Student: 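Here it is, the structure in full.
From a predicted model like this one, the values you see are computed outputs, not experimental measurements. Atom set for the values below is all heavy atoms of this structure, side chains included, hydrogens, waters and symmetry mates excluded. Below, read A as the first sequence line, B as the second, and so on, with proteins coming before strands; counting in each chain starts at 1.
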Amino acid sequence: MSRATEPTYERIYAVVRAIPHGRVATYGQVASLAGLPGHARQVGYALHALRTDDDVPWHRVINARGEISRRADPGPEGLQRAMLEAEGIVFDRRGRVSLRRFRWQA
DNA sequence: TTTATGGCTGTCA
DNA sequence: ATGACAGCCATAA
């Protein structure tokens, strides 16, 4: 469990797991909630290193603009949107989410 | 050990 | 509204 040096990723995963169904959070938000303010990028890395079979709803984490960030592999990019829509998240014509409505408020 | 790399974010033009 | 710039810092090699 808690080692002296707790992995940063674990904290991030814990926060992401706490995101309710049908809600989204930004990278920066997750970082802050994980006790790592300013590490938004690391959150992205943590999710990137995440495995598909883990129980972490990585698809509920989007960037501050309310969009799905473009990453190296275009595959999961579309999948993420599909998964969010399946949870009731609505994307506008430009592929953006209304953070004002769907942002998770801890 | 050092170096390079970013699923980001905020500010400015 | 969009586009460019710099800053943040853990992980991987």
Student: Which whole-number value in Å describes the distance from A:Q29 CD to B:dT9 P?
Tutor: 10 Å
Student: Flag the pair A:L84 / A:I62 as yes when at least one side-chain heavy-atom distance between them is below 4.5 Å, and no otherwise.
Tutor: yes
Student: Could you state the atom-to-atom distance from OH of A:Y45 to P of C:dC8 in whole Å?
Tutor: 17 Å
Student: Can you confirm whether the side chains of A:Q105 and A:R23 place a donor and an acceptor under 3.5 Å from each other?
Tutor: no
Student: Please report the distance, rounded to the nearest Å, between CZ in A:R70 and P in C:dG3.
Tutor: 12 Å
Student: Mind calculating the distance between CG (A:L47) and C1' (B:dC8) to the nearest angstrom?
Tutor: 11 Å
Student: B:dC8 P sits how many Å from A:E67 CD, rounded?
Tutor: 11 Å
Student: If you assign each of A:H39 and A:A49 to its closest nucleotide in DNA chain C, which residue comes earlier from the 5' end?
Tutor: A:H39
Student: Is the shortest side-chain N/O distance from A:T8 to OP1 or OP2 of C:dA10 below 4.0 Å?
Tutor: no
Student: With a 4.5 Å cut-off on side-chain heavy-atom distances among I, L, V, M, F, W and Y, is there a chain of contacts connecting A:V56 to A:L79?
Tutor: yes
Student: Could you let me know what B:dG6 is paired to, Watson-Crick or G-U wobble, both distances under 3.5 Å, or none if it's on its own?
Tutor: C:dC9
Student: Please report the distance, rounded to the nearest Å, between OH in A:Y27 and P in B:dG6.
Tutor: 15 Å
Student: Going by modelled atom types, is there a donor-acceptor pair between the base of C:dC8 and the side chain of A:R41 at under 3.5 Å?
Tutor: yes
Student: Find the distance A:L99:CG to B:dG10:P and express it as a whole number of Å.
Tutor: 11 Å
Student: I'd like to know whether A:T26 forms a side chain to side chain contact (heavy atoms under 4.5 Å, CB included) with A:N63, so could you lay out the CA-CA distance, the side-chain angles of the two residues, the decisive distance to 0.1 Å, and finally the verdict.
Tutor: CA-CA 5 Å; A:T26 66; A:N63 64 22; over 6 Å; no
Student: If you pin A:R65 and A:Q42 to their nearest nucleotides in DNA chain C, which one's is more 5'?
Tutor: A:R65
Student: Send over the distance from A:I12 CD1 to B:dC8 P, rounded to a whole Å.
Tutor: 13 Å
Student: Taking the six-membered ring of A:F91 (Phe, Tyr or Trp), confirm whether the NZ or CZ of A:R81 is under 6.0 Å from its centre and within 45° of its axis.
Tutor: yes
Student: Quick one: which of B:dT9, C:dT2, C:dT11 gets closest to the side chain of A:A64?
Tutor: B:dT9
